[in-house]
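A short write-up of the structure that comes next.
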Amino acid sequence: MTITHDVRATISALRAEVCGLHSELTRYQLVVWTAGNVSARVPGHDLMVIKPSGVSYDDLTPESMVLCDLDGEVVEGDLAPSSDTAAQAYVYRHMPDVGGVVHTHSTYATAWASRAEPIPCVLTMMADEFGGPVPVGPFALIGDDSIGRGIVETLQGSRSPAVLMQNHGVFSIGTNARSAVKAAVMCEDVARTVHIARQLGDPVPIPDHQVTSLFDRYQNVYGQ
Ligand SMILES: O=C(CO)[C@@H](O)[C@@H](O)COP(=O)(O)O
């Protein structure tokens with residue numbers, strides 16, 4: 001595949017952004033060792049930029065990010081791409097509005113995933129960011145389209161930008177890589193809060209119509 005000059009600047013910027021976003025995974029304690037990754041779609045091209053597999057976050061550089069096509073094949077890069085390249089490439093192929101994908105094994109959210117239990121929508125922050133419960137996707141082995149298919153089939157029926165893949169961990173999506181990281185951060189936060197709440201009693205669900213009202217405000221009004 002020939003990389004034209006105009007897209008090369010975009011790829012260079014995405015390499016820097018994706019590299020930098022891995023620092024957010026460690027800052028918010030969403031990962032241990034190398035067990036998490038971030039990718040970004042190259043807008044308008046069947047290309048993605050993703051973390052190299054098994055490389056310490058301290059050693060990541062923009063140049064070490066791997067450029068792949070949306071079949072998960074390496075286009076440019078000296079290192080092997082993330083183990084989750086196939087899964088994330090599948091998401092990009094089947095969800096055209098997704099610009100970024102994140103994968104973590106963050107502690108509280110992964111504990112919910114181990115029980116294959118959706119996180120119930122009992123917090124206004126859940127309504128804001130997830131528009132309802134955080135859903136559970138099927139158990140799937142790494143290495144082919146299984147995980148990607150499970151992510152897409154689960155999220156296409158939900159407003160949530162995060163899915164708890166059973167027995168595995170969190171996959172989150174966004175219009176760009178930074179919004180996908182935000183969804184992963186918020187997923188772990190609400191997983192922890194609801195876990196703690198349930199130790200002391202039954203959290204109170206928010207009525208669906210109020211969840212929709214909160215979601216619409218947050219997605220369309222909140223912020224600058
Ligand atoms: O979940 C898994 C393996 O089960 C991977 O996502 C995790 O180890 C991170 O792998 P990469 O370093 O991105 O290849």
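None of these values were measured; they are calculated from a predicted model. Order of appearance sets the numbers: ligands from 1, and atoms from 1 within every ligand. These numbers come from the heavy atoms of this one structure, side chains and all, not from hydrogens, waters or symmetry mates.
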Exercise for review: Provide, to 0.1 Å, the distance between atom 7 (C) of ligand 1 and the closest protein heavy atom, together with that atom's residue and name.
Suggested key: H105 CE1, 3.8 Å
Revision key, fill the gap. d(D69 CG, E76 CD) to nearest 0.5 Å is 12.0 Å
Check your understanding: Taking the inter-plane angle between the rings of Y218 and Y222 on a 0 to 90° scale, is it parallel (under 30°), tilted (30 to 60°) or perpendicular (over 60°)?
Key -> parallel
Check your understanding: Can you tell me the protein heavy atom closest to atom 4 (O) of ligand 1 and the distance?
Key -> H168 NE2, 4.0 Å
Revision key, fill the gap. Ligand 1 to S82, heavy atom cutoff 4.0 Å, flagged ligand atoms 11 (P), 13 (O), 14 (O)
Exercise for review: Find all atoms of ligand 1 within a distance of less than 4.0 Å from any non-hydrogen atom belonging to K51, and give their numbers and elements.
Suggested key: 11 (P), 12 (O), 13 (O)
Practice item. Describe, in one word, how the ring planes of Y90 and H94 are oriented to each other, choosing from parallel (under 30°), tilted (30 to 60°) and perpendicular (over 60°). Key: parallel
Check your understanding: Who's the nearest protein heavy-atom neighbour of atom 3 (C) of ligand 1, and how far?
Key -> I142 CD1, 3.9 Å
Check your understanding: Just how far is it from atom CG of L79 to atom CD of E63, taken to the nearest 0.5 Å?
Key -> 11.0 Å
Practice item. Using a strict 4.0 Å cut-off to heavy atoms of N37, name the atoms of ligand 1 that fall inside it. Key: 6 (O), 9 (C), 13 (O)
Exercise for review: Distance to 0.1 Å, residue and atom name: give those for the protein heavy atom nearest to atom 9 (C) of ligand 1.
Suggested key: T34 O, 3.5 Å
Exercise for review: Could you tell me the residue and atom name of the protein heavy atom closest to atom 10 (O) of ligand 1, and the distance to it rounded to 0.1 Å?
Suggested key: S83 OG, 3.4 Å
Point to revise | Heavy atom of the protein closest to atom 6 (O) of ligand 1 (residue, atom name, distance) | key: D84 OD2, 2.3 Å
Review point. Taking atom OG of S64 and atom CG of D78, what is their separation to the nearest 0.5 Å?
Key: 9.5 Å
Point to revise | Which of the ligand 1 atoms, numbered from 1, are nearer than 4.0 Å to a heavy atom of H103 | key: 1 (O), 6 (O)
Review point. Does any N or O atom in G54 lie less than 3.5 angstrom from one in ligand 1, N or O only?
Key: yes
Revision key, fill the gap. Heavy-atom nearest pair, P43 first then T10, reads CD-CG2, 4.2 Å
Review point. Between R159 and F130, is NZ or CZ placed under 6.0 angstrom from the six-membered ring centre and within 45° of the ring axis?
Key: no
Check your understanding: Which residue supplies the protein heavy atom nearest to atom 8 (O) of ligand 1, what is that atom called, and how far is it?
Key -> A35 CA, 4.2 Å
Check your understanding: Short question: side chain of E24, backbone of G20 - any donor-acceptor pair under 3.5 Å?
Key -> no
